[in-house]
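In what follows, a structure is listed as structure tokens, so that the remarks can point back to it.
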Amino acid sequence: SDLPHTDVRFVDQAEFQAEAGFLIRERLASHFKAHFRASTIGATWQLGSGRGQGSETILPHSQGLDILIPQPAYERRRPGLSGGIKAPLTTYGRQKKMVIKELDLRTWLRAGGNEIKSYRLGAAMSPEMFRNIVRKEAAQMLSRGHGFWYYDISTGMFRDPLMMEVAAETVRAYQELELENPQFYQPEVALVYTDDADYWLRKGFSSDNFVSITDRYTPFHLRESGIVFDEVYLSDLLNRPEPAPYKVLVFLNAWRISAAQQAALEAKYKNGGRTLVWNYAAGYVSDHGLSDKAVSQLTGFRVKSKEIATLPVVTLENGNIPGYGEVAFLVSRQGTHSRSLPKGSRLFVIDDPEATTLGRYPDGTTAIALRNHGQWKSVYFALPGTLDAGILRQLAKEAGAHCLCNDRVICEFNGRFLSLHGLENGTVHLNFPTEGVLADFSSGEMAGSGRQIAVPMKAGETRWFRFTPSNP
């Protein structure tokens, strides 16, 4: 067919456009390695958050490139916000690749523009703000076996003694608590990215697809749940000889799932008491075209879809609005009056008498639901951007997955190194996997001992700790 919604040539063009530049860099690096025949490292910079531009399909299996260098989201760097990069760091690590986060921070010495622009760039406007941003951003990488570097984007950005102290602290933490870490922590919840799914999203000349807009902050929002995640590609999840050790799997962008991939998911992961969480049009692009039936087969719900012209509001049964999607969409439209969607946008409705409704559209139909299939549970968020940190936390607890602390805290943990970033004032209640002693990393002062430890936090503050297990 030559219809745009069924013609795979549009997907081929999107794939070529995304991968062409990355493929050139991969081949250059391979030729350099072949020529020098020595210990040569291939590294490439990437504008973005660690996914896209060919990195998802080329980097994991590249013979020439070893390191990817992305930047954390500008608008999410500020203290009090969950930020970082959105990338399958676990898969890259398993493939012996390293991701080095570029800390191209703007500071009070050179803020990067006027007040509005410097705010958007997440500029650190005080020494304490600088410390909290650096700790928050470095912790994501340090806790997962990856790295970071400081990039002085216009010379003089870091010309301050306190900044050098903060940089020295991050180096010491990396040396003491990452390189020498015999106590690896295995998360029991994973965020799953489908490798090439975004090629199937319709692109416009002047704006992103509405799915990309509404889901822009979803991975960041889920980090507010108090859960430490692994982040993997679907191919990595399915190609392992044994099922991965996860009790909850969150499929963020499974728009395109082949019959072979669906069969592998059925055999390996739809069992063992696991909970599988699906987002929006999961499975909609099947081997035989666009299909509501394919969504139903993958998610385990009876689902139907229809075209819509405006973004609806989804509310939970308790009246709250889930996720970040509506906020992201309205901000991108620069006003609450603009809820219009591009022509062809689709709304999925759960129409399943055996499902438990968790959230509804304005007309009362089901937008979020749970269904127990006996050997596994399925949870479906039918509108992009509604994936909710609070619901995910509850699902993880019911599945028996380890939750490190209460919600509204960004926690990073590798078994020894612990980072906490407060999103509100209050006490953080920690639940470690083993007994141990917790000490402030900077001062060495003891913060508590045992498995359950409480520490005070302020909104926007980042605290680093050393955890020493009683029986390593």
Side-chain angles (χ1 to χ4, degrees), residues 72 79-85 89-90 93 101 131-148 166-189 220 222-231 389 393 396 401-472:
L81 297 174
S82 58
I85 60 174
L89 297 176
T90 307
K101 181 188 288 187
R131 184 189 302 276
N132 286 320
I133 291 175
V134 168
R135 282 180 171 178
K136 179 179 72 164
E137 294 295 341
Q140 182 186 23
M141 313 307 288
L142 195 158
S143 65
R144 305 180 191 204
H146 291 277
F148 48 90
V166 172
E169 178 189 57
T170 61
V171 172
R172 183 167 70 89
Y174 195 89
Q175 292 172 336
E176 296 180 10
L177 300 179
E178 201 292 312
L179 296 179
E180 301 294 335
N181 178 24
Q183 192 76 15
F184 174 73
Y185 173 74
Q186 175 59 62
E188 295 179 320
V189 179
F220 298 145
L222 296 182
R223 294 182 67 201
E224 300 178 12
S225 62
I227 300 170
V228 177
F229 302 107
D230 270 351
E231 295 174 270
R393 178 180 176 78
H402 182 244
C403 299
L404 183 64
C405 64
N406 50 279
D407 60 0
R408 300 294 295 156
V409 180
I410 309 303
C411 56
E412 308 286 358
F413 184 60
N414 70 356
R416 292 295 182 99
F417 168 79
L418 171 67
S419 173
L420 301 174
H421 183 77
L423 303 183
E424 61 187 21
N425 295 329
T427 300
V428 177
H429 298 277
L430 294 158
N431 175 37
F432 290 102
T434 62
E435 300 273 342
V437 175
L438 188 69
D440 184 276
F441 180 71
S442 298
S443 67
E445 181 180 350
M446 182 174 171
S449 62
R451 289 191 63 177
Q452 280 75 42
I453 300 174
V455 297
M457 286 291 298
K458 297 177 182 177
E461 177 185 30
T462 311
R463 298 187 65 184
W464 281 9
F465 299 90
R466 181 195 304 269
F467 180 72
T468 305
S470 300
N471 297 299

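The first residue in the sequence is number 1, and the count goes up from there. Just so it is clear, the values below take in all heavy atoms, side chains as well, and ignore hydrogens, waters and symmetry mates.
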Testing the 3.5 Å rule here: is there a donor-acceptor pair between the side chains of Ser442 and Arg131? no
Checking Asn425 side chain against Ala459 main chain: does a donor-acceptor pair fall under 3.5 Å? yes
If you compare all heavy atoms of Ile227 against all heavy atoms of Cys403, which two are closest, and at what distance to 0.1 Å? CG1-SG, 3.9 Å
Salt bridge (Lys or Arg N to Asp or Glu O under 4.0 Å): which pairs involve residues 416-437, sequence neighbours left out? Arg408-Glu424
Taking atom CZ of Arg172 and atom CD of Glu169, what is their separation to the nearest 0.5 Å? 6.5 Å
Counterpart residues, side-chain contact (heavy atoms from CB on, under 4.5 Å), relative to Thr468 (two or more places apart): Arg466
Test side chain to side chain contact (heavy atoms under 4.5 Å, CB included) on Gln140 and Ile410 and set out the steps. CA-CA 10 Å; Gln140 182 186 23; Ile410 309 303; over 6 Å; no
Counting distance only, does the side-chain N/O of Ser225 pair as donor-acceptor with the main-chain N or O of Arg393 below 3.5 Å? no
Leu418 side, atom CG; Arg463 side, atom CZ - distance, nearest 0.5 Å: 10.0 Å
Output yes when Glu412 and Arg144 qualify as a salt bridge under the 4.0 Å nitrogen-oxygen rule, no when they do not. yes
Rounded to the nearest 0.5 Å, how far does CG of Leu423 lie from CZ of Arg223? 10.0 Å
Between Ala454 and His429, which heavy-atom pair has the shortest distance, and what is it? CB-ND1, 4.0 Å
How far does CD of Glu188 sit from CG of Asp230, to the nearest 0.5 angstrom? 10.5 Å
Using a 4.5 Å cut-off on heavy atoms from C-beta on, say whether the side chain of His421 contacts that of Thr462. yes
Would you say Lys101's side chain and Met141's backbone share a donor-acceptor pair under 3.5 angstrom? no
Which heavy atom in Asn414 sits nearest to a heavy atom in Leu142, and how many Å separate them? ND2-O, 4.1 Å
Separation between OG (Ser143) and CG (Leu89), nearest 0.5 Å, reads 8.5 Å
Which heavy-atom pair separates Ala439 from Gly444 by the least distance, and what is that distance? CB-O, 3.9 Å
Just how far is it from atom CZ of Arg135 to atom CD of Glu137, taken to the nearest 0.5 Å? 14.0 Å
Would you call the rings of Phe467 and Phe432 parallel, tilted or perpendicular if under 30° counts as parallel and over 60° as perpendicular? parallel
Close side-chain approach of Cys405 to Phe413, heavy-atom, < 4.5 Å: no
Might you point out which heavy atoms bring Tyr174 and Gly145 nearest each other, and give the distance in Å? OH-O, 4.4 Å
Counting C-beta onward and ignoring hydrogens, is there a side-chain heavy-atom pair between Leu420 and Met457 closer than 4.5 Å? yes
Non-hydrogen atoms of Asn406 and Thr427 that approach each other most closely: OD1-O, 3.8 Å
Short side-chain to backbone donor-acceptor contact, His402 and Asn431, under 3.5 Å: yes
